[in-house]
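Numbering of residues begins at 1 and proceeds along the displayed sequence. FYI, side chains are in, hydrogens and waters are out, and symmetry mates aren't considered; it's all heavy atoms of this structure.
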Amino acid sequence: MEVKKHVSRHHASQLLHNKFVVVLGDSIQRAVYKDIVLLLQKEKYLTAKQLKNKGEMSFEQDSIVEGGRLKEMHNGTEYREVRQFRSDHHLVRFYFVTRIYSCYMRSVLEDFRSGLKPDVVVVNSCVWDISRYSCRWMNDYKDHLQKFFSELKEILPEQTLIVWNLTMPVGERIRGGFLVPQIEHKAPLLRDDVIEANFYSATLANSYGMDVLDLHYHFRFSLQHRTNDGVHWNALAHRWITSLLIKHIAEAWGVSLPLEETKPLPGKRVLLKFKCPVDFSYWPPFHIDPYMEHQHHDRQSRVFRPRHIRPHHIRPHQTPYPPYQTPYTPYQTPYPPYRRYDCYYHHY
């Protein structure tokens, strides 16, 4: 695993100078917002307490605008939190959402319609959508995605950059604020549902002309940075996410950014290389699928992979094909000789 590169505070601040950035999503997207706000001011990482806190009155010179501790704190689907960081040359806003399209999301879109138009919109909504509302989530999720993408494209000007973040890998054993006792039985299947939801959301976002940042792909071999709850990620991972976003925005705007090597968290030993029996320096012909974790049950073999938006998934003996000209066909993959993530520092 190569050493990660990160963007410095100076370059991030210059790139987002006089820009309005909006982040929409769940608690992971809230941490994305917090890391952007922190990087615009300091060359530091988020602390564990900052990552865990929600609804606080102030974080690094930002303010709570709506919900959070201004109202009752809870883990229900009606929880609201709107935060905003404003300086002389930066404006960053965060909306906590539990469903990609709802009455509340329509009110957020009305803010965009009647107020200041953002320059960048970073959005993701998946885990709550597929776990908290219905067991048969697929049709509702696809329908809500279409409505959201359609209205968002209609409201925002063409020059607004919309980045759809794919959901990051979820652990086999998970626990978190969204996982209330009523839906604990869904936990073992959630990691598979996330991969299917990623395929549908990436396909729809691509068809609406939006940018897709595949965080699931980027962090598939970095599970040591996932926290014990199986859902959230540590400060180093979030700095990498911020760097990926900043780099993506820079490429979209035609700006070249120098990158620096990621510094370890102060006082902690950071593992940057795998100690794994499988050699990942080459691309095996079929034994290991880079987008899914193999298990003994059959459902994993039917997981969808959005090949058409990932040209880097083409293997050396294959030739790339144009988008939408080759239909996706689920296929069986032989069980690999080793579990892909059985590294000495990670346990499920």
Practice problem: Go through Ser8 and His11 one step at a time and tell me if the side-chain hydrogen bond (donor to acceptor under 3.5 Å, both in side chains) criterion holds. | Solution: CA-CA 6 Å; Ser8 67; His11 294 113; 2.7 Å; yes
Less than 4.5 Å apart, any side-chain heavy atom of [X] and any of [Y]?
| X | Y | value |
| --- | --- | --- |
| Phe94 | Val32 | no |
| Val21 | Pro118 | no |
| Pro169 | Trp233 | yes |
| Tyr208 | Leu152 | no |
| Val82 | Ile64 | no |
| Val97 | Tyr104 | yes |
| Leu166 | Leu213 | no |
| Met168 | Ile28 | yes |

Kindly give the heavy-atom pair with the smallest separation between [X] and [Y], and that separation in Å.
| X | Y | result |
| --- | --- | --- |
| Thr98 | Ser125 | C-OG, 4.1 Å |
| Gln84 | Asp62 | O-CB, 3.2 Å |
| Val120 | Trp253 | CG2-CZ2, 3.5 Å |
| Ala237 | His225 | CB-CB, 4.0 Å |
| Leu51 | Ala31 | CD2-CB, 3.8 Å |
| Ser131 | Val127 | OG-O, 2.6 Å |

Under 3.5 Å, side chain of [X] to main-chain N/O of [Y], donor-acceptor pair present?
| X | Y | result |
| --- | --- | --- |
| Ser207 | Leu204 | yes |
| Thr203 | Phe199 | yes |
| Ser87 | His90 | yes |
| Asp119 | Phe20 | yes |
| Asp129 | Ile100 | yes |
| Arg83 | Glu66 | no |
| Asp229 | His232 | yes |
| Ser243 | Val7 | yes |

Quiz item: For residues 151-162, which residue pairs qualify under side chain to side chain donor-acceptor pair (under 3.5 Å), counting only residues two or more places apart or in two chains?
Solution: Tyr101-Glu151
Quiz prompt | Ile130/Cys126 under side chain to side chain contact (heavy atoms under 4.5 Å, CB included): CA gap, chis, key distance, verdict | solution = CA-CA 6 Å; Ile130 67 179; Cys126 175; 4.0 Å; yes
Does anything in [range] form a salt bridge (Lys or Arg N to Asp or Glu O under 4.0 Å)? List the pairs, not counting sequence neighbours.
| range | value |
| --- | --- |
| residues 139-149 | Asp143-Lys147 |
| residues 10-36 | Arg30-Glu81, Lys34-Glu56, Asp35-Arg239 |
| residues 86-105 | none |

Exercise. Measure from the ring center of Trp240 to the ring center of His218 and say whether it is less than 6.0 Å.
Key: no
To the nearest 0.5 angstrom, please state how far the [atom1] atom of [X] sits from the [atom2] atom of [Y].
| X | Y | atom1 | atom2 | value |
| --- | --- | --- | --- | --- |
| Leu24 | Asn124 | CG | CG | 10.0 Å |
| Glu78 | Ser102 | CD | OG | 8.0 Å |
| Glu172 | Asp192 | CD | CG | 9.0 Å |
| Asp111 | Arg106 | CG | CZ | 13.5 Å |
| Ile155 | Lys117 | CD1 | NZ | 8.5 Å |
| Leu46 | Lys52 | CG | NZ | 15.5 Å |

Quiz prompt | By salt bridge (charged side-chain N to carboxylate O under 4.0 Å, His left out) - contacts of Arg69 (at least two apart) | solution = none
Practice problem: Apply side chain to side chain contact (heavy atoms under 4.5 Å, CB included) to Phe219 and Leu244, showing your working. | Solution: CA-CA 11 Å; Phe219 286 86; Leu244 288 170; 4.2 Å; yes
What residues form a side-chain hydrogen bond (donor to acceptor under 3.5 Å, both in side chains) with [X], not counting sequence neighbours?
| X | result |
| --- | --- |
| Tyr141 | none |
| Asn18 | His89 |
| Lys49 | none |
| Glu251 | none |

Quiz item: How far apart are the C-alpha atoms of Asn198 and His216, what are their side-chain angles, what is the distance that settles it, and do they pass the side-chain hydrogen bond (donor to acceptor under 3.5 Å, both in side chains) test?
Solution: CA-CA 8 Å; Asn198 276 345; His216 196 290; 4.6 Å; no
Quiz item: Hey, what's the ring geometry for Trp164 with Phe148, parallel, tilted or perpendicular (30° and 60° as the breaks)?
Solution: tilted
Quiz item: Going by an N to O cut-off under 4.0 Å, is there a salt bridge joining Lys42 and Glu60?
Solution: yes
Quiz prompt | Derivation of the side chain to side chain contact (heavy atoms under 4.5 Å, CB included) call for Arg9 and Glu43 | solution = CA-CA 6 Å; Arg9 182 197 66 81; Glu43 199 74 66; 3.4 Å; yes
Quiz item: How would you list, by chain and number, every residue that makes a ring-ring contact (aromatic ring centres under 6.0 Å, His included) with Tyr79, sequence neighbours excluded?
Solution: His74, Phe96
Quiz item: Can you name the ring-ring contact (aromatic ring centres under 6.0 Å, His included) partners of Tyr133, sequence neighbours left out?
Solution: none
Quiz item: When you look at NZ of Lys71, are more than 12 heavy atoms from neighbouring residues, nucleotides or ligands closer to it than 6.0 Å?
Solution: no
Quiz item: More than 12 foreign heavy atoms under 6.0 Å from CG of Asn53: is that the case here?
Solution: yes
Self-check item: Evaluation steps, side chain to side chain contact (heavy atoms under 4.5 Å, CB included), between Asn165 and Val122
Solution: CA-CA 7 Å; Asn165 284 348; Val122 180; 3.3 Å; yes
Self-check item: Summary of ring pair (Phe, Tyr, Trp, His ring centres under 6.0 Å) pairs that have at least one residue in residues 47-69, sequence neighbours excluded
Solution: none
